[in-house]
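Only one structure is covered here, and it is reproduced in the block below.
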Amino acid sequence: MITLVDFILDFIRIDLMVGFGWYSILVFILIRCNFKKEFLLKFDKSACQMAVGLGILFFILWLTSVVGDYLFIMNSSERLEFAQRFKGPYSFGIWLQPLFLLMLTQLLRIRFVNRFLFFRILIVIPFIITFERFVIIYTSYCRDYLPSSWSMGYSSMELVISIPIKAAEFAITVFLFKFIKEKFPKRVPVKS
């Protein structure tokens with residue numbers, strides 16, 4: 001159960017949120033070129049709604065994962081270590097990224113932030129380049145600090161190819177979300 005929750009968390013954080021970042025940049029380029037502007041604006045509204053929902057879902061699943069790990073997987077010494085880490089000087093390392101992701105996605109509810117490229121880019125940059133990813137990329141280019149056999153795990157070309165793939169993965173997910181939402185509309189109970 002916890003493994004499934006961790007897999008879903010990684011899928012949301014690595015695939016969908018990074019995909020939303022690249023999607024936002026590509027959509028704003030297409031809108032500026034007047035390529036199917038009305039369709040893209042309508043689709044972008046659904047994409048932002050999905051990103052807001054993914055932020056909430058990510059935070060709830062993260063809390064579930066942390067509590068589940070603590071209660072069901074950790075032994076007593078691991079629990080003590082986790083509690084000390086949770087109250088220690090670097091405790092922000094545990095909860096900062098999920099809380100930051102939740103707050104950034106909720107900013108997409110504001111129409112002013114949603115419409116302007118500058119604000120949207122400020123929101124999606126932390127989705128694309130997290131602190132962890134920044135450290136990996138930076139240290140891989142500063143080889144003085146690494147052994148000669150160490151690598152990033154992928155080449156620069158694979159990084160460039162992954163951009164449209166992640167954006168397309170997010171767009172397909174939004175299409176599925178829109179399709180399900182239109183196919184099964186919200187039913188309002190009839191008062192008698």
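One-based numbering along the sequence shown.
Within the 3.5 Å criterion, the main-chain N or O of Ile60 finds a donor-acceptor partner in the side chain of Thr64.
Residues Phe119 and Leu26 fall into different hydrophobic clusters, defined by Ile, Leu, Val, Met, Phe, Trp and Tyr side chains chained together at heavy-atom separations under 4.5 Å. Note on Phe184 and Met50: separate hydrophobic clusters, where clusters join Ile, Leu, Val, Met, Phe, Trp and Tyr whose side-chain heavy atoms are under 4.5 Å apart, directly or indirectly. Hydrophobic clustering, with ILVMFWY side chains joined whenever heavy atoms are under 4.5 angstrom apart, groups Phe86 together with Leu96. In the hydrophobic clustering of ILVMFWY residues, with side-chain heavy atoms under 4.5 Å counting as a link, Leu57 and Val67 come out together. Side-chain heavy atoms closer than 4.5 Å link hydrophobic residues (I, L, V, M, F, W, Y) into clusters, and following such links, possibly through other members, connects Ile129 to Ile121.
Side-chain contact between Asp15 and Thr173 is absent, with no heavy atoms from C-beta onward closer than 4.5 Å. Considering only heavy atoms from C-beta on, Gln49 stays 4.5 Å or farther from Val174 through its side chain. Within the 4.5 Å cutoff, the side chain of Phe170 has no heavy atoms near those of the Val18 side chain. Looking at heavy atoms from C-beta onward, Trp62 lies in side-chain contact with Leu9 at the 4.5 angstrom threshold. Phe43 places a side-chain heavy atom less than 4.5 Å from the side chain of Lys178. Side-chain contact check for Thr105 versus Met17: some heavy-atom pair is nearer than 4.5 Å. The side-chain heavy atoms of Leu41 and Lys45, taken from C-beta on, include no pair separated by under 4.5 Å. Inter-residue side-chain proximity for Ile94 and Phe82 is flagged as met; some heavy-atom pair is nearer than 4.5 Å.
Atoms CH2 and CD1, on Trp22 and Ile128 in that order, are 4.5 Å from each other to the nearest 0.5 Å. Rounding to the nearest 0.5 Å gives a distance of 10.5 Å between CD of Glu169 and OG of Ser162. Expressed to the nearest 0.5 Å, how far CG of Asn34 lies from CG of Leu40 amounts to 10.0 Å.
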Do Val52 and Gln106 pass the side-chain contact (heavy atoms from CB on, under 4.5 Å) test, and can you show the C-alpha distance, the side-chain angles, and the key distance before you say yes or no? CA-CA 6 Å; Val52 166; Gln106 299 315 301; 3.4 Å; yes
The test is side-chain contact (heavy atoms from CB on, under 4.5 Å); show your working for Phe7 and Asp10 and say whether it passes. CA-CA 5 Å; Phe7 173 76; Asp10 285 343; 5.7 Å; no
Go through it in stages, so that I can follow the logic: the residues are Phe58 and Gln97, the test is side-chain contact (heavy atoms from CB on, under 4.5 Å), and I'd like the CA-CA distance, side-chain angles, deciding distance and then a yes or no. CA-CA 11 Å; Phe58 179 85; Gln97 183 179 0; 5.7 Å; no
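Smallest separation of non-hydrogen atoms from Leu108 and Arg120: CD2-CD, 3.9 Å. Closest approach of Phe100 to Pro126, counting heavy atoms only: CE2-CB, 3.7 Å. Listed here is the closest heavy atom pair of Ser24 and Val124: OG-CG1, 3.7 Å. Of all the heavy atoms in Ile14 and Lys166, the pair that sits closest is O-NZ, 3.8 Å. The shortest non-hydrogen separation linking Val5 to Ser65 is CG1-CB, 3.8 Å. Summarising the geometry of Leu104 relative to Ile123, their closest heavy-atom pair is O-CG2, 3.7 Å, with the distance given to 0.1 Å.
The aromatic ring centroids of Phe116 and Phe112 lie less than 6.0 Å from each other.
Phe20 and Phe127 have tilted rings, their planes meeting at an angle from 30° to 60° on a 0 to 90° scale.
Taking the centre and axis of the six-membered ring of Tyr70, the NZ or CZ atom of Arg79 falls inside the cone set by 45° and 6.0 Å.
A 6.0 Å sphere centred on CD of Glu81 holds no more than 12 heavy atoms belonging to other residues, nucleotides or ligands.
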